[in-house]
Asker: 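Just dropping this structure here.
Whatever order the structure lists them in is the order used to number ligands and atoms, beginning at 1.
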Amino acid sequence: MPIIVQKYGGTSVGSTDRLRHVADRVVQAKEAGYDVVVVVSAMGETTDDLLAMANQITPTPEPRELDMLLTAGERIAMSLLAIAINARGCKAASYTGSQAGIITDTQHGKAKIVEIRPKRVLESIQAGNVVIVAGFQGLSSSYEITTLGRGGSDTTAVAMAAALGADACEICTDVDGVYTADPRVEPRARKLPVVSYDEMMELAAAGAKVLQSRSVEYARRHGVRIHVRSSFEDVPGTWVQEVDEEQMEGVMISGVALDVEEAKVTLDRVPDRPGVAATVFRAIASEAINIDMIVQNVSHDGRTDLSFTAPIAERAHLEAVLDRIVKEIGAERFTLDDGVAKISLVGAGMKSHPGVAADMFDALAAEGVNIEMISTSPIRISCVVRKQDGERALRAVHARFGLEDGGSGER
Ligand code: ASP
Ligand code: MG
């Protein structure tokens, strides 16, 4: 029988009622003739609650123990779902990431999957079970429990789909697809029927919450087609897949994303000599902090300012590194500004259409929104603006490119 992998997010399994609803859907897929593997997130806000408890005790919990704690969330969801499916008279069994053969590297908190050994999952499928796998977790090469970073259940699901040669990976969530903008901020946003891996990766990295960017990277590498769809309604969602250039002809922009979870960090009066940037960013990288949008100014009197953006969640970590680095390289000081938002415009057609950046800056100017930093990739333009301007900026850019239903930018 063909295998289908379905992943259910935190909201979709947020209560026992919702778990029963998910059980119904899973049983339906089974009855439709699929072998079903389900990947679950922790119920509702469980992960945040567990994290908050650890932080009430100390701002710097041991990464190993934090992973032990956080993986408990998915264990609750997976076993309750198995109980719900069993109660429907359908066989089901749940497995932790470690039991499911998800082997990761040793980086606690953001481990990468290095291998999947699906033997046990396959045996369970053959025994007639719906297999439920805890998302977001694995076993490291040194036999420790690890987590895959926030939102990591998406990556678990894609990786299981790749390892099992599944027909598709369904990401079932509280939105019914990928939109041209977050519909909670821009109600006129339009659902995209298809989006390419490259565009989805840029959108996810730019703050679109619907998929963890690493899951898209993994899907592209292994050729897994992802269907992002509603857990509640049976309507077609968005396919994330390879899209050939011809299909993209005439399509310019796929969406706008807003990220309010990054801070702008500036190092003032950094000595302008070879090796300084390498020292700064090596130190940050060795703490596994992902940064973005690096901007270095023209130097005056042998010194320059260096800015970049980094996740606010890494603040404590980052400040400790920068305290040390500022002294080491002889910079004047560093500041961390968490009052910013990053707005990004993404579209594969940008490459061949000049003037996209100018149009975006124009739209921001017309709203009186000041741009503090700019960065680009071949298919993305990002601007840092004040946080209070973020949502207004997003709506202005969305309108400027005609992305609303029936707008001029429709695919
Ligand atoms: N429960 C984890 C989180 O909230 C993983 C996930 O939801 O995918 O980040
Ligand atoms: Mg979650």
Asker: For the pair Asp338 and Lys264, find out whether any cationic side-chain nitrogen is under 4.0 Å from an anionic carboxylate oxygen.
Answerer: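 No, no charged N to carboxylate O under 4.0 Å.
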
Asker: Pull out every atom of ligand 1 sitting under 4.0 Å from any heavy atom of Arg150, numbered as shown with elements.
Answerer: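 Counting from 1, the qualifying ligand atoms are 3 (C), 4 (O), 9 (O).
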
Asker: Answer yes or no: is there an ion pair linking Arg333 with Asp268, defined by an N-O contact shorter than 4.0 Å?
Answerer: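 Answer for the salt bridge query: yes.
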
Asker: Do the side chains of Arg225 and Asp167 get close enough for a salt bridge, i.e. N-O under 4.0 angstrom?
Answerer: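 Looking at Arg225 and Asp167, the cut-off is not met.
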
Asker: If we only count heavy atoms from C-beta on, is the Asp292 to Asn290 side-chain gap below 4.5 Å?
Answerer: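 Asp292 does not reach Asn290 side chain to side chain.
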
Asker: Taking the side chain from Ser230 and the backbone from Phe232, do they hold a donor-acceptor pair closer than 3.5 Å?
Answerer: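 Yes, Ser230 side chain to Phe232 backbone: donor-acceptor pair under 3.5 Å.
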
Asker: With a 4.0 Å cut-off on heavy atoms, is Gly73 touching ligand 1?
Answerer: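 Contact absent.
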
Asker: Taking atom CZ of Arg392 and atom CZ of Arg386, what is their separation to the nearest 0.5 Å?
Answerer: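 Separation between the atoms: 13.0 Å.
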
Asker: N/O to N/O below 3.5 Å, does that happen between Thr47 and ligand 1?
Answerer: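 Looking only at distances, the answer is yes, because the N/O contact criterion of under 3.5 Å is met.
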
Asker: Strictly under 4.0 Å, does any heavy atom of Glu74 approach an atom of ligand 1?
Answerer: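 So Glu74 counts as touching ligand 1.
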
Asker: Closer than 4.0 Å to some heavy atom of Phe136 - which atoms of ligand 1 meet that?
Answerer: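 Selected atoms, number and element: 2 (C), 5 (C).
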
Asker: Show me which atoms of ligand 1 lie under 4.0 Å from any heavy atom of Ser41.
Answerer: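 Here the atoms of ligand 1 in question are 6 (C), 7 (O), 8 (O).
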
Asker: Test your reading of the structure: does Gly151 have an N or O sitting under 3.5 Å from an N or O of ligand 1?
Answerer: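 Yes, there is a polar N/O contact under 3.5 Å.
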
